[in-house]
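Please read all numbers here as calculations on a predicted model, not as lab measurements. Protein chains get the first letters and strands the later ones, always in sequence-line order, with residue 1 at the start of each. When reading the values below, keep in mind they use all heavy atoms of this one structure, side chains included, and skip hydrogens, waters and symmetry mates.
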Number of protein chains: 2
Amino acid sequence: MDIQNYKLHKKILVAVDCIIFGFDGSELKALLIKRGFEPERGKWSLMGGFVGEDENADKAALRVLHQLTGMKDVYVEQLHTFTDVNRDTAGRVISIAYFALINIAAHNKQLEQEHESRWFPLDKMPALIFDHKKMVEKAKAMLRQKVATHPVGFELLAKKFTLPQLQNLYEAIYETELDKRNFAKKMLSLGILKKLDEKERESSKKGAFYYVFDTVKYRKMESNALKFI
Amino acid sequence: MDIQNYKLHKKILVAVDCIIFGFDGSELKALLIKRGFEPERGKWSLMGGFVGEDENADKAALRVLHQLTGMKDVYVEQLHTFTDVNRDTAGRVISIAYFALINIAAHNKQLEQEHESRWFPLDKMPALIFDHKKMVEKAKAMLRQKVATHPVGFELLAKKFTLPQLQNLYEAIYETELDKRNFAKKMLSLGILKKLDEKERESSKKGAFYYVFDTVKYRKMESNALKFI
DNA sequence: TCAAAAGTGTTATCTATACACCCATGT
DNA sequence: ACATGGGTGTATAGATAACACTTTTGA
């Protein structure tokens, strides 16, 4: 290191911002808030917060997510740290961006009103403050990459889901159409889905069998180098 | 955000740490320094530095790399930000880790003495301060992933390299042996290598043709979704 | 009985892997 | 002439992609 005394260096405000993904059955969405304070009050923004003295960034992200959604045990993952000198118009703030995957149905809708938050389809996002658009773009890229090799797509669905639902999710993430025969074949061949005896009967007359993600089987797999797509 | 006034939040020291990879022709190595100041003076450490008021983290990482190696235009990429409350024994410091790929032959060896730095094979690393071991592990994983899909391995070699050299590199990164026929076939099929008329004659009597990475062709490729391995 | 979505198998193509011999050259 | 490492092709297996009809059931 150049200068050796910690005290000679300026400290910086450290924030976290969360890209919260949800899936409504046909579209992939992100949860945004109307910023309630200056600067940029009233503009659309990612949910964020400052990292406190007694918490690491992961905790800060989970805290912030809980505030907005009422949910704990959310799947979050650190994405990238944004550090440009003038990224925040109110002063030097670096932001550690996280992406979160939640079951859109499970979050507390009352809190949506408090925070003036709203779900936006990814292709219909409003203008965002600061560098938040960059964050969303990066999160989208990471989601695609992650979901191709790790069983995290399930986080966006209810515990029980049907194969057509899962396929819709992948189609939304990759903005592409998939052949359902090939899709079912591949997903089932991974050996991490457990078929239930129960059917979902909302979206079709015939009904589609529910599946659950088999965590136990997944953990037992040596390699964990799956290919979902 | 919870509390809206920026001033109510504690600022934090922000550092960068660099995992510097090099390849000596047969082994993959990382460049470490003997830390020259307290705390943990004299112990092995990644090269790092604090992020200044007037620079973003990328710049800080490049600055730090230049100090240690004398090189500019180094390939660096942000890896992960480490934020545990007590990760630095001297106080709250978060560190944005970067990984760098350099041509081991091109760096300034004089600076090695000034900083008491040394190249360590990845499987013979000494104990490291703080959470630097975690950083190295993460960097290793990222290198493997990156190099499988992006043309960054070349950063570890000289501008001109032979196919056997490139294969040795991949074998070192993945700790595996590859079939040279299949390797050559795949690499050449990507269409991003340009064969030169010149041969390298150090390591064999017959000599091996030099290749260069064809940046122009690579940029022209639409998808850029390559599979190197 | 019909409309709507679920479920299911086979073939063709592409990609990945396994494998062995000749070539060029310096000693 | 021989030892050393470089260079090359083919055959097989496995993975992916293309493709269409039957089933169930509520309206």
Notebook entry, point to check: Does His132(A) reach the main-chain N or O of Leu46(A) with its side chain, forming a donor-acceptor pair under 3.5 Å?
Noted result: yes
Check: Does any N or O in the side chain of Glu200(B) come within less than 3.5 Å of the main-chain N or O of Glu202(B), such that one atom is a donor and the other an acceptor?
Finding: yes
Note to self: Can you give me the first and the last nucleotide of DNA chain C (5' to 3') that has an atom within less than 4.0 angstrom of a non-hydrogen atom in chain B?
What the structure shows: dA16(C) to dG26(C)
Item checked: Listed partners of Asp131(B) passing side-chain hydrogen bond (donor to acceptor under 3.5 Å, both in side chains), at least two apart -> Arg87(B)
Note to self: Under the rule for side-chain hydrogen bond (donor to acceptor under 3.5 Å, both in side chains), what residues qualify as partners of Lys146(B), not counting sequence neighbours?
What the structure shows: Glu77(B)
Notebook entry, point to check: With Tyr98(A), which residues qualify under ring pair (Phe, Tyr, Trp, His ring centres under 6.0 Å), at least two apart?
Noted result: none
Next item on the list: Name all residues meeting the ring pair (Phe, Tyr, Trp, His ring centres under 6.0 Å) criterion together with Phe120(B); count only those two or more places apart in sequence or in a different chain, and write none if there are none.
Entry: Trp44(B)
Margin query: Strictly below 4.0 Å, N to O, side chains only: are Glu40(A) and Lys43(A) in salt-bridge contact?
Written below: yes
Checklist line | ring pair (Phe, Tyr, Trp, His ring centres under 6.0 Å) pairs, two or more places apart, involving residues 164-206 of chain B | finding: Tyr170(B)-Phe183(B)
Next item on the list: Could you note down all residue pairs passing side-chain hydrogen bond (donor to acceptor under 3.5 Å, both in side chains) where residues 182-193 of chain B supplies at least one of them, sequence neighbours left out?
Entry: Asn182(B)-Lys185(B)
Note to self: Can you confirm whether the side chains of His107(A) and Glu112(A) place a donor and an acceptor under 3.5 Å from each other?
What the structure shows: yes
Notebook entry, point to check: Which pairs count as salt bridge (Lys or Arg N to Asp or Glu O under 4.0 Å) when at least one residue sits in residues 150-172 of chain A, sequence neighbours excluded?
Noted result: Lys160(A)-Glu198(A)
Give me the distances for all protein-to-nucleotides 12-16 of chain D N/O pairs that come in under 3.5 Å?
from    : atom 1 : to        : atom 2 : distance (Å)
dT16(D) : OP1    : Lys227(A) : NZ     : 3.1

Check: How long is the line joining NZ of Lys180(A) and P of dA20(D), in whole Å?
Finding: 13 Å
Margin query: Distance check needed: dA17(D) P versus Asp179(A) CG, whole Å only.
Written below: 10 Å
Next item on the list: Return the residues of residues 154-171 of chain B meeting this criterion: a heavy atom under 4.0 Å from some atom of DNA chain C. Order them by number, or give none.
Entry: none
Notebook entry, point to check: Are any non-hydrogen side-chain atoms of Ile229(A) and Thr149(A) less than 4.5 angstrom apart?
Noted result: no
Can you list, pair by pair, the side-chain donor-acceptor contacts under 3.5 Å of residues 206-214 of chain B, counting residues two or more places apart and other chains?
from      : atom 1 : to        : atom 2 : distance (Å)
Asp214(B) : OD1    : Val216(B) : N      : 3.3
Asp214(B) : OD1    : Lys217(B) : N      : 3.1

Next item on the list: Indicate for each nucleotide in nucleotides 22-27 of chain D, in 5' to 3' sequence, whether protein heavy atoms under 4.0 Å reach the base (B), only the sugar-phosphate (S), or nothing (-).
Entry: -BBBB-
